[in-house]
> 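Below is a structure I'd like to ask you about.
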Amino acid sequence: MPSPIQDEGTAEIVRIFVAENREIFDRLDLELPLLLCPGADRELAASVFRGFHTIKGSSGFLGFARTQILAHAGERALLPLRDDGGSLSSALAAALRRAIRTLRLLTEDVATHGVEAPGDDTAVLQDLSVAASSRGAS
Amino acid sequence: MIALVVDDSRSMRAILSRIVAGLGYEVREAGTVAEAEDRLDGLGSQDLVLVDWNMPGENGLTLIRRLHGRPDAGRPGLLMVTTETGLDRIQEALAAGADEYLMKPFTREAVAEKLALLRERRV
């Protein structure tokens, strides 16, 4: 995939994207376990949702398709929790952690090479989809 | 012409700011609704506020409602910029006072088109 970095202005935006993503991943690592607690705060669910949402929006514009698709899947899996409340199932938490690990690797690819490495995220996406559809089971 | 870009994501602010600066706007940025309200001084009917919906604390819809409700006749144009793509969400934003609605991810061309539409309506 060609790098979207075609000039210094875009390169600066990509640097901001990488720095912001790293901050979001660190925040998600802290917040995700808290969502496993019964009666977890709705604002916490909204914050985790917003993390995936932010990454989806900026990666979409910059043309980082794997990141965009994974972030979108994470966001979609979290939507019921944001809108209806409740706690995170352990299966969904594990699927989200796996998605975050992949997203971190992709962001580091971008930081180092300016592009995402090619790869197949089918298994991660499938995990998210299955765990999200069986919400409530732990 | 001034464009105030309101988004909690630094990446999205940088992306949008670059686009609107390229379209001839002087750009201001805000990461929260409270910051946006501090940066509204001097904005008039030829200016724009581009607002993300999902932000921590007060959301973008709150800012749209507040700005739309101002008695000031020279209020800036209000553009909701968001990934909320459901028809009910679009209607909610327009009912709250947004003049236009731009879905993320967007292209430079889509932003230019929406801003041109807003300018035409506000002449």
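Bear in mind that the values here come from a model prediction, so they are computed numbers and not experimental data. Numbered from 1 within each chain, the chains take letters A, B, ... in sequence-line order.
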> Salt-bridged, A/E23 to B/R10, with N to O below 4.0 Å?
yes
> What distance do A/I55 atom CD1 and B/M12 atom CE have between them, rounded to the nearest 0.5 Å?
13.0 Å
> Pick out which of B/T107, B/L16, B/I19 makes a side-chain contact (heavy atoms from CB on, under 4.5 Å) with A/F61.
B/I19
> Indicate if B/Y101 and B/L117 have the same hydrophobic cluster label, given that clusters are the connected sets of ILVMFWY residues with side-chain heavy-atom separations under 4.5 angstrom.
no
> Do you reckon A/L105 sits in the same ILVMFWY cluster as A/L128, going by side-chain contacts under 4.5 Å, direct or chained?
no
> Top residue by heavy-atom pair count (under 4.5 Å) with chain A, among B/M55, B/K104, B/R13?
B/M55
> Is chain B contacted by the side chain of A/Q68, its backbone, both, or neither, given a heavy-atom distance below 4.5 Å?
side chain
> What are the two closest heavy atoms between A/R82 and B/N54, and how far apart are they?
NH1-OD1, 3.2 Å
> For B/D7, which atoms come within 4.5 Å of any heavy atom of chain A: side chain, backbone, both, or neither?
neither
> Side-chain heavy atoms under 4.5 angstrom apart, residues restricted to Ile, Leu, Val, Met, Phe, Trp, Tyr: same cluster for B/L50 and A/I16?
no
> Who among A/E43, A/K56, A/E20 has the most heavy-atom pairs with chain B under 4.5 Å?
A/E20
> Side chains of A/R50 and B/S9: do they bring a donor and an acceptor to under 3.5 Å?
no
> Mind running side chain to side chain contact (heavy atoms under 4.5 Å, CB included) on B/S11 and A/T54 for me, showing each step along the way?
CA-CA 8 Å; B/S11 308; A/T54 296; 5.8 Å; no
> Can you give me the closest heavy-atom contact between B/D52 and A/H53, atom names plus distance?
OD1-NE2, 4.3 Å
